[in-house]
Number of protein chains: 2
Amino acid sequence: MTRTTLKSLAKALNMSVSTVSKALNDSHEISELTKKRVKEAAAELHYQPNVLAQSLKTGKTQTIGVVLPKMTGPFESQILEGMQHAASVQNYRIVIMNSMENEELEGIALLSMLDKSVDGLLFCPIHENSNVVLAEQIIQKIPVVIFDRTDYPLDTHKVGVLNSEGTYSACKHLFDIGKKNIAIFCGTNQGITAKRLAGYQRAHQDFNIPVVDEYTVYCTVKSIPDLHLEMEGHINRLLHLPNPPEAILCVADTITTHLLGVLAKLEIKVPETLAVMGFANTDLALSLNPSLSTIRQPTKDIGEIAVTKLISLISKPNRSQTAWEDTKLPTSIQLRRSTIG
Amino acid sequence: MTRTTLKSLAKALNMSVSTVSKALNDSHEISELTKKRVKEAAAELHYQPNVLAQSLKTGKTQTIGVVLPKMTGPFESQILEGMQHAASVQNYRIVIMNSMENEELEGIALLSMLDKSVDGLLFCPIHENSNVVLAEQIIQKIPVVIFDRTDYPLDTHKVGVLNSEGTYSACKHLFDIGKKNIAIFCGTNQGITAKRLAGYQRAHQDFNIPVVDEYTVYCTVKSIPDLHLEMEGHINRLLHLPNPPEAILCVADTITTHLLGVLAKLEIKVPETLAVMGFANTDLALSLNPSLSTIRQPTKDIGEIAVTKLISLISKPNRSQTAWEDTKLPTSIQLRRSTIG
DNA sequence: TTGTACGCGTTATCAT
DNA sequence: ATGATAACGCGTACAA
């Protein structure tokens, strides 16, 4: 059982390879009749072009590489699904490399993109200056689009969200329901944290509410059980302040979704004692107890737009003189019982 | 800025392509001195072999394809991460195709695996006889390993879990804490549901507890809000039975994790009125209120083992006379407050 | 309209 | 120990 190649197809048809090739590619210099004959025979013999040979010849692989720090978590998998979908629609495939939040692994992943096996790269850097020189090397050869963690010094298209607006709206909502004292739980990614923190501060300014320094809290721990402990400590400390907060705003998915568990364990009433809301992209927000008010990121859009922009770069002849776009998608807010009882 | 190829490298070194190629591949017929010179020059000029040309020549792509029904949800992304990890360690890359639970899309995805662009396929079929003929065609050309939904008529390695044992242990636990009347909420995948249902029934037999027909419930709906409504209906019906159940066992992740939300809305006490446990692979089980007792699948292992088995098939010369292994990994049970208060 | 010949970048066989 | 050359499967400029 040997593979059908152009050559074998040509032999079976008593024609030359080039005729067959042109016929299959609908060249105008081939008669309709032969085209039809060729295509029928191709279908008959289950001919499939060898994409490797095609790519070697054309220099295009119809493949785009994705390098991202993690792929568990609803946020990441939703982005990946968006990418996967947009890519397959436009006849591209996706190969994923996981940097596992590790700069060295990220370097290896990036390096493997230089071998002509992908037409473009979608990159979510671990932090704002990880592997920058490598990235600059890569972008000399293939187009790159930065997504999610867009605070990265590379001149190219970027696709992320309006981080500061998300926290701003959340604060506004909390103010509206009478919670003026809002603690904010920050995550480990500096660029994103900074943006979201800025929205929090700007909201306070605009509404003339003072920012209490002690309300800004950093959760640095990685494992879930440890995170629970760390958050317990923070909450106990906050509630014993002379002026304890009435709400907690979380700026990272893991922190947000696990906070309710911690509060339940401490038997703190939500939202009466502490209202809770934060960035989170899981369906489960609806099924938590109480259901969780969230700031939701348009993950699928991020993925799809990133892919579309990348593909447009790939097909563009002179990439050098492009005006780079820093696309910031709006977040949206779902109000549920963790803030409005 | 033109790419460094074997040829340009050779020219720079005043040597022939074949010498350079052999030197880089550590052929024994090349002197140490030249090897050293070649390798230095290669590093100097940032030479990277063109993997496409390599693959075209060798027939190996160092790439494995994954076709699976969905990739959101913790279960799927954990499996993917396991695959990704095992693959990269063994110097393979992964390209993912999402069938989106749609048999036609699955067919397209599978078809694209026939073009010599992957060395092997990891396949999680939509259901027990979707695209079987296509799969059989594929396995003629490249090795295939079936994962997760292993109830599929293809002679090859399979990697899944001991589904019936999971529900068996769960029932045993519920019996132990005095909940003899257990309702079971089933999902839409027939093969897996059947296995898990069997474990439920076997447990009842072994412990001499009658199976009540009305306790077996099917949740068929896809969207989360609708699923909530459907489950509400089932629960109301069950609780008005003359002999209402004291526990609910869920056999699909989505059902399990969302059930607590439904019960909270109905203000039903968990675990007092109804204990809850079920298959679920999310970290959030710990942070639900009450925290959720789960049957957990070794997702990372599934992914890693599937990859390892596939790679071993790829490197095996005579695939025809292999003894196919149907690997069933054990599940594990985490007891939390949704059953033991 | 069809066919011939070459090259994409490698690896592998055969000489030297 | 090293070098010339064919081949992998395809696309295409050029010739017929």
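Each chain gets a letter, A, B and so on, in the order its sequence line appears, and its residues count up from 1.
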(Q) Checking contacts here: which listed nucleotide (dG9(D), dG3(D), dC8(C)) is nearest the side-chain heavy atoms of Lys7(B)? (A) dC8(C)

Q: Give the rounded distance in Å between these two atoms: CG of Asn14(A) and P of dT1(C).
A: 20 Å

(Q) Minimum heavy-atom separation for Ile146(A) and Pro125(A), please, with both atom names. (A) CG2-CD, 4.0 Å

Q | Candidates dT10(C), dC8(D), dG3(C) - which lies nearest the side chain of Leu56(B) | A | dC8(D)

Q: Write down the distance between NZ (Lys22(B)) and C1' (dG3(D)), rounded to a whole number of angstrom.
A: 8 Å

Q: Could you tell me whether Leu6(A) contacts a base, only the sugar-phosphate backbone, or nothing, with contacts defined as non-hydrogen atoms closer than 4.0 Å?
A: sugar-phosphate

Q.
Classify Ser55(A) by what it touches in the nucleic acid, base, sugar-phosphate, or nothing, heavy-atom distance under 4.0 Å.
A. nothing

Q. So what does Gln48(B) touch, heavy atoms closer than 4.0 Å: a base, only the sugar-phosphate, or nothing?
A. sugar-phosphate

Q. Out of Leu310(A), Leu110(A), Val145(A), which residue meets the side-chain contact (heavy atoms from CB on, under 4.5 Å) rule with Phe123(A)?
A. Leu110(A)

Q) From the list dC10(D), dA1(D), dT10(C), which nucleotide is the closest neighbour of the side chain of Ser31(B)? A) dA1(D)

Q: May I ask you to say what Lys116(A) touches in the nucleic acid, namely base, sugar-phosphate or nothing, with a heavy-atom cut-off under 4.0 Å?
A: nothing

Q.
Please pick, from dG3(C), dG9(D), dT2(D), the nucleotide with the shortest atom-to-atom distance to any side-chain atom of Lys57(A).
A. dG9(D)

(Q) If I take atom NE2 in residue His28(B) and atom P in nucleotide dA12(C), what distance separates them, rounded to the nearest angstrom? (A) 12 Å

Q) According to the side chain to side chain donor-acceptor pair (under 3.5 Å) rule, which pairs have a member within residues 126-135 of chain A, sequence neighbours left out? A) Glu103(A)-His127(A), Glu106(A)-Ser130(A), Glu106(A)-Asn131(A), His127(A)-Asn129(A)

Q) Looking at the side chain of Gln54(B), which of dC8(D), dT11(C), dG11(D) is the nearest nucleotide? A) dT11(C)

Q.
Heavy atoms from C-beta onward define the side chain here; which of dT11(C), dA5(C), dC10(D) lies closest to that of Pro49(A)?
A. dC10(D)

Q: Using a heavy-atom cut-off of under 4.0 Å over every strand shown, decide if Thr5(B) touches base, sugar-phosphate, or nothing.
A: sugar-phosphate

Q.
Rounded to whole Å, how long is the line connecting atom CG of Asp26(B) with atom P of dT11(C)?
A. 13 Å

Q.
What is the separation between atom CG on Leu52(A) and atom P on dT10(C), rounded to the nearest whole Å?
A. 14 Å

